[in-house]
**Q** 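Next up is a structure, given as structure tokens.
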Amino acid sequence: MYNLENKNIIVTGASSGIGKETAIKVSEYGANIILVARNKEKLKKVLNKLKKGNHIYFSQDICELEAIEPLISEAVKQTGKISGFIHSAGIEMTIPFLNMNTDLYSKLFCTNVIAGFEFARIISKKKYLSDTGASYIFISSIMGILGEKGKVGYCSSKSAIIGGVRAIALELAAKKIRCNCISPGIVQTEMTKTIFNTLPESSVQNILRQHPLGIGDPVDVAHLCIYLLSSLSKWITGTNIIIDGGYSIQ
Amino acid sequence: MVLVLAIHGELQLLSFKIYKMKKDIFYKELAEYLEFENIELKEDTNLNSISEYDSLAQMSIIAFIDEKFNIKLSAEQLRKITTIKSLMKLIGINNFE
């Protein structure tokens, strides 16, 4: 039931963290992976870690929005129509609300929200979309539900994903496209290290203490992605699945 | 003076800022950024003696230094500073004139 053979899956943010781990894991279930990220060298390394398949990569800044459709078009030419999309690209920012400005909001929202929505919109065109439909997964964050000092930009952008996915899911259901969010808690990635670096040690320890099952591993999120890409989740759409080791239930 | 070098490479866009800031401008802009009312920052000002200096103000300092000097300080580094002078040392005294 977890067979993803012959499915072509686009993964943004595929060079590191959750995106990288998900791409690797999804390839193990037979899918062809279209890796998207900025850093070509890192992408090559990820490509080498994928299980055998018709995988390709694109070194692309996804906030160059006009480049998204040519990228998808080329991916379809090389691998075939698209069955899945995982938007894992994201940037974090720790800046207090009173120090935020419009440029900073634009930067965050472009990567975390708009580029992902653009990918989904374009993949949904008949000429790019698999005839059997597709599953879209947006990696949000537990910060999209909870608040944290200094995180107004990050929290609001992750929250925007959750809101947008509900509307997208309703519009695309008729095209056999399911669209869901995953909101992870703290997962061991480079970005997490960056976030922790900007927080006082007491706050970091407090966050760690509040994870009853400890902090997560990217593979924990990857496994949920596999489920959402597979037919086992065929009745799930428009929802936001929290995966946080119990952090938010307290 | 701000010198921005942008390298449009195949891999990624890199930008470097080489920035020298006048000390008095630094004191003034930092105080404004932190919204410290009626507090004049000077080299020997002890940040820990300012009631508004809390964890949020520390985040603001990290953001300010990143924006002005393209230097990313950690909260742990900032926790160790006391005076404005020690902050300037952390940033690098060569960045001031």
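To find a chain, count down the sequence lines: A is the first, B the second, and so on, and within it residues start at 1.
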**Q** Looking at chain B, which one of A:Leu43, A:Asn197, A:Asn99, A:Val204 has the largest number of heavy-atom pairs inside 4.5 Å, strictly under?
**A**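 Between A:Leu43, A:Asn197, A:Asn99, A:Val204, the count favours A:Asn99.
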**Q** Non-hydrogen atoms of chain A under 4.5 Å away: do they reach the side chain of B:Ile62, the backbone, both or neither?
**A**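 For B:Ile62, the side chain is the part near chain A, not the backbone.
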**Q** Please identify, among A:Gly150, A:Ala37, A:Pro96, A:Ser203, the residue contributing the most non-hydrogen atom pairs under 4.5 Å to chain B.
**A**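 Greatest number of close heavy-atom pairs with chain B: A:Pro96.
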**Q** Report the residue from B:Ile61, B:Ile65, B:Leu47 that forms a side-chain contact (heavy atoms from CB on, under 4.5 Å) with B:Leu78.
**A**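 The option that passes is B:Ile61.
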**Q** Side chain, backbone, both or neither: which part of A:Leu104 has a heavy atom under 4.5 Å from chain B?
**A**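 Neither part; nothing is under 4.5 Å.
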**Q** Tell me, for A:Asp61 versus chain B, whether the close heavy atoms (under 4.5 Å) come from the side chain, the backbone, both or neither.
**A**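 Nothing of A:Asp61, per the 4.5 Å heavy-atom cut-off to chain B.
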**Q** Measure up the B:Phe69 and B:Phe96 rings against each other and bin them: parallel (under 30°), tilted (30 to 60°), perpendicular (over 60°).
**A**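 B:Phe69 vs B:Phe96 ring planes: tilted.
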**Q** Contact part of B:Gln77 toward chain A, heavy-atom cut-off under 4.5 Å: side chain, backbone, both or neither?
**A**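 No part of it gets close to chain A.
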**Q** Could you check A:Ser141, A:Cys181, A:Ser183 and say which one makes a side-chain contact (heavy atoms from CB on, under 4.5 Å) with A:Ile161?
**A**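 Of A:Ser141, A:Cys181, A:Ser183, side-chain contact (heavy atoms from CB on, under 4.5 Å) with A:Ile161 is met by A:Cys181 alone.
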**Q** Take atom NZ in A:Lys49; do more than 12 heavy atoms of anything else shown fall under 6.0 Å from it?
**A**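 Open: at most 12 neighbouring heavy atoms sit under 6.0 Å from NZ of A:Lys49.
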**Q** Check the pair A:Phe119 / A:Tyr136 against ring-ring contact (aromatic ring centres under 6.0 Å, His included), numbers first and verdict last.
**A** CA-CA 10 Å; A:Phe119 265 94; A:Tyr136 300 160; over 10 Å; no
